[in-house]
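Everything numeric in this text was worked out from a predicted model, so none of it was measured. When a ligand or atom number is given, it counts from 1 through the structure's own listing order. Numbering of residues begins at 1 and proceeds along the displayed sequence.
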Amino acid sequence: MALAEPDADQFSEIDFSGFSRVPLCHSPTPIEPMSRLSEHLGGPNLYIKRDDCTGLASGGNKTRKLEFLVGEALAENADMLVTQGAVQSNHVRQTSAAACRFGLKCHAVLERRVPGRDQLYESNGNVFLDSLFGATFEFHAAGPDMNAVAAAAADRLRKDGHRPYFIPGGGSNATGALGYASCAQEIAGQSAGAGLDFQWLVTATGSAGTQAGLVAGLTAVGCDIPVMGISVRQPREPQVSSVRKLAGLTLAKLQGPAIPASKILVDDGYVGEGYGIPAASTIEAITLAARMEGILLDPVYSGKGMAGLIGLVRQNFFKASDNVLFLHTGGMSALFAYAPQIVEALS
Ligand SMILES: *Cc1c(COP(=O)(O)O)cnc(C)c1O
C-alpha cells in the first residue's frame, strides 16, 4: 500500500525529540493485505504490519524498543548492555545485535523457563545467534524475578569495571515502550495516507511493552483503533494489569492523558500449556500463515498471536466488513529450535 507521512489534520504528532534514540529500524515497515488467509477463513479483511521486517538481525518488535533503550545507554556512557530473557529470547538476540552495532558488549541471563527442552533448544535458533554476535550469557533455573537476577549480574559486572546499562526482560519499561508509541504513530499515518481505516489491531502480548506502547501512542495521537492483545504467557487479569501500568507510565513520559481501563483488551484463550509451549492452535496458525501468505511466524509469540486472530475470526468477533490489522512481532529465529516438534505435528 502507499505510504504517507502522518496526516497532521487528522492525528496529532508525538514529539520524540526529548528522548535519546539511535536509528535501528527500517521504517515504516509495510502494511500488506493477507488476501488468501482472509478468503480461506471467510472472515473480515485481514492485513499484516510487517514488524518482522524491522531490519535488525532477522527483525522483530524489540528493534523499535532498542532504538530508545540503546539511545539512553549511550547517553549514560555505558559500554555494555545487560538483559535477561527465556533461553530462546528474541529480545536477547536483538539486544546482542544492537550492542554490536554500537561497539558495546552484551551480557544476558537466560532463564530455563520452558520445561523439558533438549540440547538443540539451548544451542540453536536465537542462542546460536547470540553466540554469533559475541554476547556472553549464563543459563539460570526458572525463577520468579529474573529482572532482579539480571540486575544483580549488572552490579557484579560494574564491580568488575564495566559500565553496564540494564535492560529489563523484553525491553519492557517506559523507555522501550516508546518504540511502540512510535509504531502507533506510524500505523495511524499509514492508515490515513492510504485512506484505509482499521477497526481492530491484534498482537501477541508478553512482557507488555508492545501493547502498552501501542495503546499509549494511539491515545497520544488521538487514534481510536482498539488493540487486542493475545496473551502468550499468563491469564487475562495479570496481563491487563501489567499492560495498563506500563501504558500509564509511557503516556506519562509523553505527557499524554490517562488511559481508561476499558482500553486494555487481552484474550488469554491461546496460551495453551504455558509460555514457550506451542499449542495445537499455534502450530495450525504457523502452518496457515506459511501456506496461505508465505509468512513465517514463531512458536512462542507471533504463532499464538495469529492463533488468536484466527480464533477471533472463527468466533465471529469481527464484522465481515472490518479491516483488521495483525502486528507481526517477528520471532522466526526461534522456529529452528522447535523444528523437530513442528515437523512431528505436521506429519
Ligand atoms: C517479545 C516478543 C513479543 C511480545 O512483546 P512484548 O512487548 O514482550 O509484549 C511478541 N512477539 C515476539 C516475536 C517477541 O519476541
Check for a donor-acceptor pair, side chain of [X] on one end and backbone N or O of [Y] on the other, with a separation under 3.5 Å.
X	Y	result
T83	I167	yes
T54	G60	yes
Q239	Q234	no

Residue pair Y301 / N90, side-chain heavy-atom distance below 4.5 Å: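 With C-beta onward as the side chain, the pair touches.
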Quick check: closest heavy atoms across T29 and R50, and the distance to 0.1 Å?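 Where T29 meets R50 most closely, the heavy atoms are CB-O, 3.4 Å.
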Sorted by chain and number, the residues that approach ligand 1 to under 4.0 Å with a heavy atom: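 Ligand 1 is contacted, at a heavy-atom distance under 4.0 Å, by N61, K62, K65, N90, S172, T205, G206, S207, A208, G209, T210, D298, Y301, T329, G330, G331.
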Residues in side-chain hydrogen bond (donor to acceptor under 3.5 Å, both in side chains) with S89, at least two apart?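 Partners of S89 under the side-chain hydrogen bond (donor to acceptor under 3.5 Å, both in side chains) test: none.
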